[in-house]
S.K.: 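Before we start, here is the structure in question, set down as structure tokens.
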Amino acid sequence: MSTMTLAKALNAGLRRALDANPKVLLYGEDIGKLGGVFRITEGLQKDFGEDRVIDAPLAESGIVGTSFGLALRGYRPVVEIQFDGFVYPAFNQIVSQVAKFHNRTEGRHAVPMVIRIPYGGGIGAIEHHSESPEAYFAHTAGLKVVTCSTPNDAYWMIQQAVASEDPVIFLEPKRRYHDKGEVVHDTKPLPLHQARVVRGGTDATLITYGPMVKMCAEAAAIAEDEGRSLEVVDLRSLSPIDMVTLTNSVRRTRRAIVVHEDVQTLGLGAEIAARLSEDLFYLMESPVLRVTGHDMPYPNSRVENDFLPDVDRILDAVDRSLAY
Amino acid sequence: MSQPVQPWSGPPVTAGLADAVTASDEMVQLLTPEGRRVQHPEFAFTGDDAEIAGYLREMVLARRYDQEGTSLQRQGELGLWPPLLGQEAAQIGSGRAVRDTDMIFPTYREHGVAMLRDVPVANMLGLFRGTSMGDWDIEATRFAQYQIIIGAQTLHATGYAMGIQHDGAVGNPDPERNAAVLAFHGDGASSQGDVNESYVFAASFRAPVVFFCTNNQWAISEPTIRQSRIPLYQRAWGYGFPGIRVDGNDVLAVKVVTDWAMERAREGQGPAFIEAFTYRMGAHTTSDDPSKYRLSEETEAWRRKDPIERVKTYLLGVGAIDEAWLADLDAEADEFGEHVRAACKSLRSEPLAHRFDKVFRVPTAEVEDQRDAHISYLAGFEAAEGSSR
């Protein structure tokens, strides 16, 4: 066991992935000497060489499109997209090519790769640096979408994503990069697509992922002082969604609130609300509520705290759910 | 008074005619439309007449393949067909420059190249009949799936070439160990961002990829001049690799030029760009109507440059083939045509239920649940039909 930041845990996980499989290549803008703008790949080019940690020309579609070809040749590319808002030039290659290839070839061929995207806000950034694009990818058949919230998950999930036989969108909560936590090296991790109960509770379930896991845990701690017992579930996998863990939780608490930074309409919250109502309609005491970003382009940073879910907005939703 | 400048208006079609029919003097040509062998200072075809007769046979079969495709669409057997008519030399000449260790990334019109790579007719037609997604074994055929998104395959080709390079399969003293990629795209695709990015990546990494641009003069209804104000091959130098224009209706020139480009890529000299100057004699697809946007005079002018007739004329002239040989070839083409029709009509789609299993390599509970619900929903109808009997 060791304590490290989420950023360092990703670095350690990528190092393990490079060690484990000579076909693994890291590929992206500024990931070599610089180690990426967030230093996630720091030192890896020095240790594994310029042929395995590759600085790409500045073109996201080109990076993902050539990764498709590398994967077809038998390599396992791990792409770094520099910021969430920069992934859209690669959208066609991801959605029309990478996601569809296994289907297009009738299951004969696949192009497994990992597309790492630092995502989410709360860092005081300028436009295009704070977005939450997960719903686009979770909506696309043929992609698996995961996100980590702790250093331990970061360390293990990146290795599991690299080993996945299907393409994985790997979302990294950039505002949690410098949060420290314990990484357990010698215990078998959860399966990649399984959710995790972060905190047990009985009155309502907060369903969340990525950067909002910490926020929900804080809200649950405050609620406890007020005599309310909130369960917090970290989805970890946004596609597929682990409905077994979710329904096991909500079957007990009978109330659910989904929390994410992404905007509300057709976000993960909408899908989870629909599924819970299909599965647990007669059991639930209140409708599934959502605490999300508002339906607007990501705002200027001076007001982003009014856009992003925070402890108060989460607890306000808990009040409404319990009062129903 | 001078005419007002209209920078965004298209050129008159007659100007397009002139541009489309007369290529520059820089075009590599080794066999004229009249069937006469000519010398080029840099490129020479060293094969014998038997080899040329082989190309003639393959071009005739490719044309028959294509004619059958168009007919099958007209008969309602195919949903769509993109004809290759007129582009036989570009396809056979380039396809014959590929070795079994190389890899091809096609558009959706390289039926002749697919034929050379032994892509089964049934697998090819499944895409256009709607009975499959158009799958075949990429490893066995060395011919990637057809690409419908214009130009997207050029990045796949470049990445694959980077993989070849990473494998150490370029620049070896033993040429048998080397490989390269042939990436097809059209004149319209030359405007796509992905295609331009693929040039950048290929040049940056010196990837062993040859871009084979089939300039057939028309991107559906838009002439090439809408895509580029300079000849396409001249663009390559701006990206940092050689570009060359070849008479795309001259199978000998296409073969020799593609051989040169593929060999230098295999040797580790990086990418090259070939503009095969040819003409789409037919429609863009069977849904298209070229009479709305181009003059029949233009098509007629190109008919006189037919890629097959010039080879026939040459081979008959030197006595390498005779009318009996051509009659045998016609009979073979008839037989092949019958095979294409039979293969097409035998194609059936498997039920939708099977498609759930093709979304992922490692299935998810979500997709499996939907599959099971779909199957039991359909089974409900069958049970109802059974009980009503």
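Chain letters run A, B, ... following the sequence lines, proteins first and then strands; every chain starts at 1.
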S.K.: Can you tell me which portion of B/Ile148 sits under 4.5 Å from chain A's heavy atoms? Options are side chain, backbone, both or neither.
M.R.: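 Neither; nothing under 4.5 Å.
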
S.K.: Tell me, side chain or backbone of A/Glu165 under 4.5 Å from chain B's heavy atoms, or both, or neither?
M.R.: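 Looking at A/Glu165, backbone and side chain both touch chain B.
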
S.K.: Decide yes or no for B/Asp135 and A/Arg104: does some side-chain heavy atom of the first lie under 4.5 Å from some side-chain heavy atom of the second?
M.R.: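 Contact flag for B/Asp135/A/Arg104 side chains = no.
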
S.K.: For residues B/Val362 and A/Lys144, determine if any side-chain heavy atom of one lies less than 4.5 Å from a side-chain heavy atom of the other.
M.R.: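 Heavy-atom side-chain distance check passes, below 4.5 Å.
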
S.K.: Does a side-chain heavy-atom distance below 4.5 Å link A/Glu106 with B/Arg355?
M.R.: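 Sidechains of B/Arg355 and A/Glu106: in contact.
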
S.K.: Can you tell which part of B/Gln147 gets under 4.5 Å to a heavy atom of chain A, answering side chain, backbone, both or neither?
M.R.: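 Only the side chain of B/Gln147 comes within 4.5 Å of chain A.
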
S.K.: Tell me, with the steps shown, if B/Tyr160 and A/Thr66 meet side chain to side chain contact (heavy atoms under 4.5 Å, CB included).
M.R.: CA-CA 7 Å; B/Tyr160 195 93; A/Thr66 51; over 6 Å; no

S.K.: Can you find a heavy atom in the side chain of A/Thr105 that is under 4.5 Å from one in the side chain of B/Met133?
M.R.: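 The answer is no; the side chains never approach within 4.5 Å.
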
S.K.: Does the side chain of B/Glu197 reach to within under 4.5 Å of the side chain of A/Ile63, using non-hydrogen atoms?
M.R.: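 They are not in side-chain contact.
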
S.K.: Which atoms of A/Ile241 come close to chain B, meaning under 4.5 Å heavy atom to heavy atom: side chain ones, backbone ones, both, or neither?
M.R.: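 It is both, since atoms from each part get that close.
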
S.K.: Highest number of heavy-atom pairs under 4.5 Å with chain B: which of A/Pro57, A/Ala110, A/Ser239?
M.R.: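 Top count of heavy-atom pairs under 4.5 Å with chain B: A/Pro57.
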
S.K.: Which atoms form the tightest heavy-atom contact between B/Phe205 and A/Asp55, and what is the distance?
M.R.: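 Smallest heavy-atom distance, with atoms named: CZ-O, 3.8 Å.
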
S.K.: Chain A heavy atoms under 4.5 Å from B/Ala157: which part of the residue, side chain, backbone, both or neither?
M.R.: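 Neither the backbone nor the side chain of B/Ala157 comes within 4.5 Å of chain A.
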
S.K.: What part of A/Asn92 lies closer than 4.5 angstrom to a heavy atom of chain B: side chain, backbone, both or neither?
M.R.: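 A/Asn92 touches chain B through side-chain heavy atoms alone.
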
S.K.: Are the side chain of A/His102 and the backbone N or O of B/Lys358 linked by a donor-acceptor pair below 3.5 Å?
M.R.: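 Present.
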
S.K.: Name the option with the most non-hydrogen atom pairs under 4.5 Å to chain A; the candidates are B/Asp357, B/Asp137, B/Thr364.
M.R.: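 The candidate making the most pairs under 4.5 Å is B/Asp137.
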
S.K.: Would you indicate whether the side-chain heavy atoms of A/Leu72 and B/Phe105 approach each other to under 4.5 Å?
M.R.: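 They are in side-chain contact.
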
S.K.: Is any side-chain heavy atom of B/Val359 closer than 4.5 Å to one of A/Asn103?
M.R.: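 They are not in contact (no side-chain heavy atoms under 4.5 Å apart), so the answer is no.
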
S.K.: Carefully, step by step, assess A/Arg73 and B/Met103 under the rule side chain to side chain contact (heavy atoms under 4.5 Å, CB included).
M.R.: CA-CA 10 Å; A/Arg73 181 72 185 181; B/Met103 186 73 184; 6.0 Å; no

S.K.: Answer with side chain, backbone, both or neither: which region of B/Ser132 has an atom nearer than 4.5 Å to a non-hydrogen atom of chain A?
M.R.: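 Both parts, heavy atoms under 4.5 Å.
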
S.K.: Would B/Gln145 and A/His109 count as having a side-chain donor-acceptor pair, cut-off 3.5 Å?
M.R.: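 Side chains of B/Gln145 and A/His109: no pair found under 3.5 Å.
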
S.K.: Do A/Tyr75 and B/Asp167 make a side-chain contact, defined as non-hydrogen atoms from C-beta onward lying under 4.5 Å apart?
M.R.: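 Yes, close enough: below the 4.5 Å cut-off.
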
S.K.: What distance separates B/Ser204 OG from A/Ile54 CD1, expressed to the nearest 0.5 Å?
M.R.: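 These two atoms lie 10.5 Å from each other.
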
S.K.: Looking at A/Asp51, is its backbone amide N or carbonyl O close enough to the side chain of B/His166 to form a donor-acceptor pair, meaning the two atoms are under 3.5 Å apart?
M.R.: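 Yes; at least one donor-acceptor contact below 3.5 Å.
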
S.K.: Closer than 4.0 angstrom, basic N to acidic O: yes or no for A/Arg275 and B/Glu366?
M.R.: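 The answer is yes: the pair qualifies as a salt bridge.
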
S.K.: So what's closer than 4.5 Å to chain A heavy atoms on B/Glu139: side chain, backbone, both or neither?
M.R.: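 When you check distances to chain A, atoms from both the backbone and side chain of B/Glu139 fall under 4.5 Å.
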
S.K.: Taking only Lys NZ, Arg NE, NH1 and NH2, and the carboxylate oxygens of Asp or Glu, determine whether B/Arg361 and A/Asp166 approach each other closer than 4.0 Å.
M.R.: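 No salt bridge links B/Arg361 with A/Asp166.
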
